[in-house]
Amino acid sequence: MLRVGLSGGIGAGKSAVSARLAARGAVVIDSDVLAREVVARGTDGLAEVVAAFGADVLTADGELDRPAVGRIVFGDDTARRKLEGIIHPRVRARAAEIERDAAADAVVVHDIPLLVETGQADKFDLVLVVDVPVEVQVERLTSQRGMTEAEATRRIASQASREERVAVADVVVDNSGSRAELDRRVDALWAEWEQPAGHGPDTKR
C-alpha cells in the first residue's frame with residue numbers, strides 16, 4: 001500500500017487532482033467529506049458540538065448549522081480548537097477505518113486541505129502538494145467562486161503559505177496551466193506509482 005497525503009491551497013486545484021487519481025484507481029479519503037459525516041444528524045460528534053456550543057448551532061431540521069458555527073469560531077482560537085478537538089479525532093479514526101478496508105496494494109490518497117496546518121506531513125509515505133502562484137489562486141477564487149479580491153486574499157492568508165506547503169512536499173504538481181496539462185501530470189505520476197519496482201516518483205512535475 002502506498003499512503004499519500006494530498007494537499008494544496010484554496011483554489012490550487014487539489015480537488016481536480018483528487019478526482020483524477022480516483023478515476024485512475026486510487027482510494028481517495030476526503031477529509032472534508034468525513035468532517036461532515038462525523039457531525040451528521042444523530043451522531044455523537046454532533047451531540048458533542050451541541051454540548052460545547054449550545055443548541056443554536058442546529059438548524060430547524062436538527063442538522064449542524066455550519067454558518068452559525070463559523071460565526072462562533074471565527075477569530076476565537078479557543079473556540080476553534082475546541083471544535084477541532086471534537087471533529088479531527090473522529091475524522092482520523094474514520095479515515096483509518098476506510099484505509100484498513102482498502103486492498104493491500106492500493107494507493108490510498110488522504111485528501112487533507114489543512115495537512116500542513118495540522119502537522120500531518122510525516123504521517124504518509126509521501127506528500128503530494130498541488131501548487132499555483134498566489135495570483136492564480138486569487139484569480140480563480142474571484143472568477144469561479146464569486147469572492148472579492150479582499151476576501152480571496154484573506155482566505156489564502158488564513159492557510160499555510162505556498163512555501164510552507166512546498167517545504168513538506170515529496171511531490172509538487174504544478175496546476176497553473178490547463179486542465180489537460182494537469183491530467184497529463186497526474187497520469188504520469190500514477191504510472192510511476194504503478195511500477196512494480198516501488199514508489200519512487202520524481203519530486204517536481
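By the 4.0 Å N-to-carboxylate-O rule, Asp187 lies too far from Arg184 to be salt-bridged with it. Arg94 and Glu97 are joined by a salt bridge, as a carboxylate oxygen and a charged side-chain nitrogen come within less than 4.0 angstrom of each other. Asp125 and Arg3 are not joined by a salt bridge, as no carboxylate oxygen comes within less than 4.0 angstrom of a charged side-chain nitrogen. Ion pair Arg41/Asp61 not flagged as a salt bridge, since none of the NZ, NE, NH1 or NH2 atoms sits closer than 4.0 Å to an Asp/Glu carboxylate oxygen. Ion pair Arg155/Glu151 not flagged as a salt bridge, since none of the NZ, NE, NH1 or NH2 atoms sits closer than 4.0 Å to an Asp/Glu carboxylate oxygen.
Scanning all heavy atoms of the two residues, the minimum distance from Ala121 to Val127 falls at O-CG2, 3.3 Å. Counting all heavy atoms, side chain and backbone alike, Arg66 lies closest to Ala35 at NH2-O, 4.0 Å. The nearest pair of heavy atoms linking Lys82 to Phe53 is CD-CZ, 3.9 Å. Of all non-hydrogen atoms in Glu84 and Pro89, the two that sit nearest each other are O-CD, 3.5 Å.
With hydrogens and angles ignored, the 3.5 Å screen pairs a side-chain donor or acceptor of Thr118 with a backbone N or O of Leu114. Formation of a donor-acceptor pair under 3.5 Å by the Ser18 side chain with backbone atoms of Asp111 is not found in this model. Between the Arg185 side chain and the Val173 main chain, no donor and acceptor come within less than 3.5 Å of each other. Checked by atom type and distance alone, the side chain of Arg165 never pairs as donor or acceptor with a backbone atom of Val129 at under 3.5 Å. The main-chain N or O of Asp174 is never found under 3.5 Å from a side-chain atom of Asp131 such that the two would form a donor-acceptor pair. In this structure a side-chain-to-backbone donor-acceptor pair under 3.5 Å is present from Gln159 to Ile10. With hydrogens and angles disregarded, no donor-acceptor distance shorter than 3.5 Å links the side chain of Gln144 to the backbone of Leu141. Looking at Ser7, its side chain does come within 3.5 Å of a backbone N or O of Ile112 through a donor-acceptor pair.
A continuous path of ILVMFWY side-chain contacts below 4.5 Å connects Val134 to Met147, so both sit in one hydrophobic cluster. The cluster map of Ile, Leu, Val, Met, Phe, Trp and Tyr, joined by side-chain heavy atoms under 4.5 Å apart, puts Leu115 and Val4 in different clusters. Under a hydrophobic clustering in which Ile, Leu, Val, Met, Phe, Trp and Tyr are joined whenever their side-chain heavy atoms come within less than 4.5 Å, directly or via other members, Leu2 and Trp190 fall into the same cluster.
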Item to check | From CA spacing to verdict: side-chain hydrogen bond (donor to acceptor under 3.5 Å, both in side chains), His110, Glu99 | outcome: CA-CA 9 Å; His110 291 259; Glu99 185 176 288; 2.6 Å; yes
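Here the side chains of Val130 and Leu6 are in contact, with some heavy-atom distance below 4.5 Å. The side-chain heavy atoms of Val186 and Leu189, taken from C-beta on, include no pair separated by under 4.5 Å. When side chains are defined from C-beta on, Val109 does not count as touching Val27, because their heavy atoms never get closer than 4.5 Å. Side-chain contact between Arg90 and Glu37 is absent, with no heavy-atom pair separated by less than 4.5 Å. Side-chain contact between Asp170 and Phe124 is absent, with no heavy atoms from C-beta onward closer than 4.5 Å. Within the 4.5 Å cutoff, the side chain of Pro113 has heavy atoms near those of the Lys14 side chain. Taking 4.5 Å as the limit, every side-chain heavy atom of Val17 sits out of range of all side-chain heavy atoms of Asn175. Asp44 has its side chain out of reach of Val38: every pair of non-hydrogen atoms, C-beta onward, lies at least 4.5 Å apart.
When the shell of 6.0 Å around CG of Asp65 is examined, it contains more than 12 heavy atoms from other residues, nucleotides or ligands. Remark: Arg80 CZ is packed, more than 12 non-hydrogen atoms of other residues, nucleotides or ligands lying under 6.0 Å away. For Glu149, the CD atom is loosely surrounded, since the number of other residues' heavy atoms within 6.0 Å does not exceed 12.
Within the model, atoms CD of Glu164 and CD of Glu117 stand 7.5 Å from one another, a figure rounded to the nearest 0.5 Å. Rounded to the nearest 0.5 angstrom, Gln137 CD and Thr142 OG1 are separated by 11.5 Å. Put simply, CD1 on Ile87 and CG on Leu34 are 11.5 Å apart, with the number rounded to the nearest 0.5 Å.
Here Val132 is tied into one hydrophobic group with Val136, each link being a pair of ILVMFWY side chains closer than 4.5 Å.
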